[in-house]
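These values consider heavy atoms only, across backbone and side chains, with no hydrogens, waters or symmetry-generated copies. Naming: A, B, ... by sequence-line order, numbering from 1 per chain. Predicted model, so just to flag it, every value in this text is computed and none were measured.
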Number of protein chains: 2
Amino acid sequence: MKPTDILQVHELKKTNSRLALIKALQESTFPQSENEMKSRMSDQYDRITFYRNVQALEDAGVIHRIVVDSHTVKYALNCCETEKKHQHIHKHVHFNCKSCGKTFCLENTDIQQYRLPAGFQTEECEVMIKGYCKFCSQK
Amino acid sequence: MKPTDILQVHELKKTNSRLALIKALQESTFPQSENEMKSRMSDQYDRITFYRNVQALEDAGVIHRIVVDSHTVKYALNCCETEKKHQHIHKHVHFNCKSCGKTFCLENTDIQQYRLPAGFQTEECEVMIKGYCKFCSQK
DNA sequence: GTTTTAAATGAAACATTGTTTCAATAAAAA
DNA sequence: TTTTTATTGAAACAATGTTTCATTTAAAAC
Ligand SMILES: [Mn+2]
Ligand SMILES: [Mn+2]
Ligand SMILES: [Zn+2]
Ligand SMILES: [Zn+2]
């Protein structure tokens with residue numbers, strides 16, 4: 001799906017920064033940090049606008065934010081950017097490689113249900129696994 | 001166990017900052033942010049020393065660090081501060097309340113095993129659940 | 001196609017979190 | 001009590017994220 005169509009579907013204005021941001025993520029095979037996005041967006045990148053747009057795109061359900069650790073956030077497109085606000089948001093596990101630093105959306109590894117103590121109500125659950133990725137574990 | 005004994009067992013020097021840090025956590029019933037620690041440590045608090053000591057105490061296995069989100073880290077004592085470097089580290093789930101903001105170590109809710117795609121090797125797994133805590137869900 | 005309007009942008013200044021270097025200090029060993 | 005070595009705290013810095021406000025632009029109205 002073209003960046004302009006994604007924005008259309010989600011009723012967001014088609015601005016150059018947003019188109020560049022989405023394009024940068026579409027051209028990536030794994031989640032990207034702000035710095036990686038900056039390189040990919042070249043002159044279309046402005047820090048303040050970037051922060052505002054990742055917020056807007058996350059709220060709209062176009063992208064998701066992955067907190068790798070307290071100083072590292074990465075961004076990835078949602079699987080079904082197609083459907084407008086269709087909140088079925090495939091909740092998957094994230095993986096971060098201790099060797100190459102790459103982050104992966106393990107789209108087929110679903111988050112498990114946790115039975116919590118009495119009185120605790122789950123709304124969201126984030127699972128961040130750290131270890132060695134398929135490229136680094138072979139060494 | 002007294003703060004001074006904890007440091008003894010872990011072969012760490014008994015400095016005032018470290019004693020105050022451990023005492024502050026012992027007097028808390030749930031994980032604390034740096035700002036909360038600052039209040040509890042009063043004049044024994046110095047930002048730079050604090051950061052160095054949480055690092056040292058984490059490395060020694062006295063405390064653990066909980067990344068609630070990209071701008072919030074909290075600290076808690078490990079369950080068995082007693083045993084020297086005894087790395088059985090009860091890996092438990094963490095919970096953050098969207099209403100009161102409190103974080104909880106759900107010591108009895110173990111992290112589940114995830115079967116990952118071929119080639120991915122797990123070393124650590126962090127689970128952060130967000131929702132409403134036992135105090136806030138009753139409203 | 002031109003005008004209008006509301007949203008998005010980017011500059012500036014700020015806030016928070018965390019780190020590095022280095023001289024002074026304090027804990028523990030001799 | 002002296003010596004040794006780790007720890008401390010000041011200063012300066014770096015990275016990440018936010019707020020305010022005048023300017024620009026997308027999209028709607030005409
Ligand atoms: Mn993902
Ligand atoms: Mn915990
Ligand atoms: Zn790797
Ligand atoms: Zn609560």
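Within a 6.0 Å sphere centred on NZ of B/Lys102, other residues, nucleotides and ligands contribute more than 12 heavy atoms. Within 6.0 Å of NZ on A/Lys98 lie more than 12 heavy atoms contributed by other residues, nucleotides or ligands.
Residues A/Cys79 and A/His92 have side chains not in contact (no heavy-atom distance under 4.5 Å, counting atoms from C-beta outward).
A salt bridge links B/Glu27 with B/Lys23: at least one charged nitrogen is closer than 4.0 Å to a carboxylate oxygen. Ion pairing between B/Lys130 and A/Glu126 holds under the 4.0 Å rule for side-chain N and carboxylate O.
Distance, A/His10 NE2 to C/dA7 P: 19 Å, rounded to whole Å. A straight line from CD of B/Glu11 to C1' of C/dA29 spans 15 Å, rounded to a whole angstrom. The CG-C1' distance, from B/Leu12 to C/dA28, rounds to 13 Å in whole Å. Following rounding to the nearest Å, A/Arg18 (CZ) and C/dG10 (P) show an atom-to-atom distance of 12 Å. Distance CG (B/Leu19) to P (C/dA26): 15 Å, rounded to an integer number of Å.
Residue B/Asn16 is the one, among B/Asn16 and B/His71, whose nearest nucleotide of DNA chain D lies closer to the 5' end (criterion: closest heavy atom). Of the two residues contacting DNA chain C, namely B/Asn35 and B/Thr15, the nearest-nucleotide position lying further toward the 5' end is that of B/Asn35.
Shown for residues 40-55 of chain B: residues whose heavy atoms fall under 4.0 angstrom of DNA chain D, namely B/Asp46, B/Ile48, B/Thr49, B/Arg52, B/Asn53.
We find the OG-NZ distance between A/Ser70 and B/Lys74 to be 14.0 Å, quoted to the nearest 0.5 Å.
With the end axes of the helix from C/dG1-D/dC30 to C/dA30-D/dT1 each set by five pairs, the angle from one to the other reads 30° at 10° resolution.
Nearest nucleotide to the side chain of B/Lys13, out of C/dA6, D/dT7, D/dT8: D/dT7.
Aromatic ring pairs are classed by plane angle as parallel below 30°, tilted from 30° to 60° and perpendicular above 60°; the pair B/Phe104 and B/Phe30 is tilted.
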Fill in: Criterion side-chain contact (heavy atoms from CB on, under 4.5 Å) on B/Cys105 and B/His94, from CA distance to verdict
CA-CA 5 Å; B/Cys105 287; B/His94 290 112; 3.5 Å; yes
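A ring-centre distance under 6.0 Å is found for B/Phe50 and B/Tyr75.
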